[in-house]
Amino acid sequence: MTAVHPAGIPDELPEGPAARPRWAVAARHLWRNKLLLLAVIVLLAVVALAALAPLVAEYGPNAMRISRRLQAPSAAHFFGTDEFGRDIFSRVIHGGRISLAAGGLTVLVACAGGVLLGVLSGYFAALDGILVKVVDSMMAFPDILLAIALVAVLGPTLSNVVVALGIVYMPRVARVVRASTLVLRELPFVEAARALGVPTHRILRRHILRNLASPITVQGTFIFAYAILAEAGLSFLGVGVSSETPTWGTIINAGQQYARQAPWIMLFPGLAIVLSVFSLQIIGDALRDALDPKLQKEV
Amino acid sequence: MGPAAAGGPTAVPSRPADLLRVQGLRKHFPVGGGWGRPRVVVKAVEDVSFAVPRGHIVGLVGESGSGKTTVGRAILRLIEPTAGRVEFDGTDVAKLGAAALRRFRQRMQIIFQDPYSSLNPRMRVDEIIAEALTAQAPMPRAERRDRTERLLLRVGLRPEQMRRYPHEFSGGQRQRIGIARALAVEPDFIVADEAVSALDVSVQAQVLNLLQDLREDLGLTMLFIGHDLAVVEYLCDEIVVMYLGRVMEIGPSEELCAAPSHPYTRALLSAAPIPDPAAPRSRIVLKGDIPSPVEVPSGCVFRTRCPHSVAACATVVPPLVEVAPGRFSACIREDIR
């Protein structure tokens with residue numbers, strides 16, 4: 001390439017601000033923020049334990065040994081045992097697989113529905129009036145109550161719990177997505193695409209959805225945390241998955257009868273919930289800051 | 001009501017060379033309403049008529065709120081005009097159906113004021129250009145790449161920069177990317193909406209020179225919307241002066257700037273900075289602010305701030321009349337022309 005252009009402009013155009021790759025910015029963030037680092041480590045540990053549960057656990061989650069019932073935490077049983085002599089550690093990490101999967105799938109359902117509703121409502125003014133009313137009326141119900149009602153209608157299986165919670169959290173995503181879409185729709189780069197005659201579905205995909213990635217990611221982390229809590233809550237109330245399946249909620253539910261004699265049955269799944277939810281909240285907060293381009297420059 | 005009520009919109013005589021002819025363009029925005037508050041209408045653009053000859057650059061000037069940006073958007077049908085004709089190469093753009101309009105869009109493009117929000121931060125430069133190239137029909141990869149390279153060279157950017165994101169460029173460079181995007185579809189006509197207003201003066205000059213070159217090399221026709229009269233006079237062949245949604249004066253750049261006919265144009269020119277501190281200045285300072293477009297003054301919209309207004313100004317909407325060959329002015333005070 002020649003240094004001088006046909007347009008006669010010398011090649012001394014100012015370089016833009018130094019470009020730093022996105023992952024490098026993220027890594028720096030992580031290192032500066034020790035709390036965030038801790039949250040990421042804790043979450044990764046919880047996920048790893050759950051994923052590798054069959055390899056890590058010495059006992060099966062449902063293996064009963066009545067001779068060892070209601071034992072306090074010890075070297076043999078880190079988290080103690082329950083009334084059937086089942087190992088709580090094994091149950092907690094096996095339960096984590098279901099609780100985390102339910103949380104993750106709930107995020108997918110809530111985001112898929114919420115993004116669809118939000119983008120349609122934000123981009124097409126004609127649909128906005130009706131969709132906003134639908135979303136607002138869904139938000140009028142208390143979360144757990146709506147979830148209970150939906151599970152009662154659909155039946156108490158894990159996939160129905162996920163669908164119910166997905167519907168419950170859908171309006172949160174929809175509102176954030178709608179608000180961002182309303183802003184994006186008016187920006188000149190969207191106007192430029194319209195002026196070029198770019199088909200609407202492509203505008204939605206390239207210009208709207210791509211720029212919604214950060215708000216959706218942030219909402220997703222928070223919903224992940226809420227969903228873990230809500231799944232536990234539903235299981236605790238007995239309307240979630242059946243009590244034979246170990247999830248953090250069902251373990252706590254089963255342990256409440258022995259809360260005085262064997263508090264460890266409730267304590268450890270409870271701790272697992274608290275640690276995961278805390279970590280996710282901290283990560284969600286950090287993502288919100290990191291993905292805000294205005295804050296990014298200061299880092 | 002304006003001359004429309006008195007029998008059709010004001011007509012600027014058409015010349016055979018006109019590529020774009022705007023006639024009686026109106027854009028009203030209904031605002032407010034609901035909860036017992038009255039619904040009011042903002043008349044952003046009211047009976048605007050002008051023409052842009054092929055290969056010329058026409059400047060559209062006026063202060064903020066004069067409706068100049070709305071005119072640009074309405075010509076491209078980025079907003080729907082309330083009334084009026086936008087005749088482009090013989091076709092009334094205002095009447096095109098959705099599919100026809102989409103095909104027609106390739107002939108008219110726009111360059112935006114803000115070099116930041118006019119480029120999608122999540123698309124690389126080559127994606128931005130490729131989107132323009134493939135907006136209406138697919139194009140093979142190799143050809144896309146080749147044309148993107150040529151377009152970037154054309155606007156003074158290095159092709160090897162095309163895999164970068166917009167935030168890696170300066171404001172002037174971003175504006176060049178925006179220009180390349182507009183040129184990608186080989187339009188006949190470009191609306192440059194305050195295209196250099198957000199840039200530093202030195203960068204402004206570079207971009208203005210680029211626009212000049214493009215006009216000469218590609219025979220582009222342009223509507224250049226701006227508020228800096230020095231810039232507009234430098235670039236444009238003809239100037240349309242707007243105030244509060246209406247056209248005040250139209251004329252060839254040099255003549256209009258040397259001897260403005262309308263009192264508003266005079267005030268606007270006297271406010272423009274002269275790069276010579278010793279030059280004598282007789283600044284015409286207007287009273288008050290631009291009135292609200294919700295409650296426009298009766299008769300001549302400028303009368304409330306005009307130093308020459310008389311009682312008759314409140315009763316008649318002054319028609320745009322030819323005061324000299326090729327020069328039009330909307331003022332009833334023939335004595336002060």
Side-chain angles (χ1 to χ4, degrees), chain A residues 1-22 24-25 125 129 180 183-217 291-297 299, chain B residues 73 76-78 101-106 108-114 116-123 127-128 131-136 149 152-161 164-174 176 178 181-182 184-185 191 193 203 206 209-210 213-214 217:
Chain A
M1 283 302 137
T2 50
V4 177
H5 301 295
I9 293 123
D11 199 19
E12 54 191 40
L13 298 168
E15 287 292 324
R20 209 185 286 148
R22 246 163 223 283
V25 174
S180 304
V183 174
L184 288 169
R185 186 182 71 180
E186 302 297 329
L187 289 180
F189 64 78
V190 174
E191 218 172 11
R194 287 205 292 131
L196 286 163
V198 175
T200 307
H201 64 90
R202 250 191 260 171
I203 293 181
L204 292 178
R205 221 175 41 235
R206 279 192 201 145
H207 297 286
I208 306 291
L209 278 182
R210 269 198 212 185
N211 285 290
L212 286 173
S214 352
I216 294 172
T217 312
L291 295 173
D292 185 336
K294 276 175 230 130
L295 292 170
Q296 206 174 345
K297 279 178 198 133
V299 178
Chain B
R73 296 283 198 283
L76 298 177
R77 286 247 333 246
L78 288 171
L101 176 66
R102 203 169 82 78
R103 282 192 300 277
F104 208 82
R105 290 204 177 283
Q106 306 267 308
M108 311 157 93
Q109 279 302 304
I110 180 164
I111 302 169
F112 295 91
Q113 170 171 16
D114 182 0
Y116 291 87
S117 60
S118 59
L119 303 176
N120 185 341
R122 305 224 180 256
M123 279 170 84
E127 291 178 287
I128 290 170
E131 169 161 72
L133 291 170
T134 59
Q136 311 250 344
E149 279 183 7
L152 291 180
L153 279 171
R154 176 70 268 210
V155 297
L157 290 170
R158 295 198 299 270
E160 59 268 29
Q161 293 172 324
R164 294 197 189 176
Y165 283 93
H167 74 266
E168 300 172 51
F169 294 89
S170 66
Q173 288 174 315
R174 286 166 149 258
R176 290 168 195 272
R181 170 177 61 193
V185 294
V191 172
D193 185 8
V203 182
Q206 291 177 2
N209 286 333
L210 172 62
D213 291 345
L214 293 174
D217 300 350

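Only this structure's heavy atoms are used, side chains among them; waters, hydrogens and symmetry mates stay out. Each chain gets a letter, A, B and so on, in the order the sequences are listed, and its residues count up from 1.
- In terms of the ring pair (Phe, Tyr, Trp, His ring centres under 6.0 Å) criterion, residue partners of A/F189 (sequence neighbours excluded) are, by chain and number, A/H207.
- Ion pair B/E127/A/R206 not flagged as a salt bridge, since none of the NZ, NE, NH1 or NH2 atoms sits closer than 4.0 Å to an Asp/Glu carboxylate oxygen.
- Ranking B/V203, B/V185, B/L119 against chain A, the residue ahead of the rest is B/L119, based on heavy-atom pairs under 4.5 Å.
- One distance of note links CG of A/L187 with OH of B/Y116; it measures 15.5 Å at 0.5 Å rounding.
- Every side chain to side chain contact (heavy atoms under 4.5 Å, CB included) that A/V198 has, sequence neighbours left out, goes to A/A193, A/L196, A/R202, A/I203, B/E131, B/A135.
- Proximity to chain A involves both the backbone and the side chain of B/N120, based on heavy atoms less than 4.5 angstrom apart.
- Defined by atom type and a distance below 3.5 Å, a donor-acceptor pair is missing between the side-chain atoms of A/T200 and B/R102.
- Of all heavy-atom pairs between A/P188 and B/S118, the closest is CB-CA, 3.7 Å.
- Contact between B/Q109 and A/A195 at its shortest, heavy atoms only, is NE2-O, 3.1 Å.
- A donor-acceptor pair under 3.5 Å is formed between the side chain of A/R210 and the backbone N or O of B/R122.
- Annotation: the span from A/E191 atom CD to B/S117 atom OG amounts to 9.5 Å, rounded to 0.5 Å.
- Both the backbone and the side chain of B/L78 have a heavy atom closer than 4.5 Å to some heavy atom of chain A.
- Proximity to chain A (any heavy atom under 4.5 Å) is shown, for B/R103, by neither the backbone nor the side chain.
- The candidate from B/Q106, B/R73, B/Q113 with the greatest count of non-hydrogen atom pairs under 4.5 Å with chain A is B/R73.
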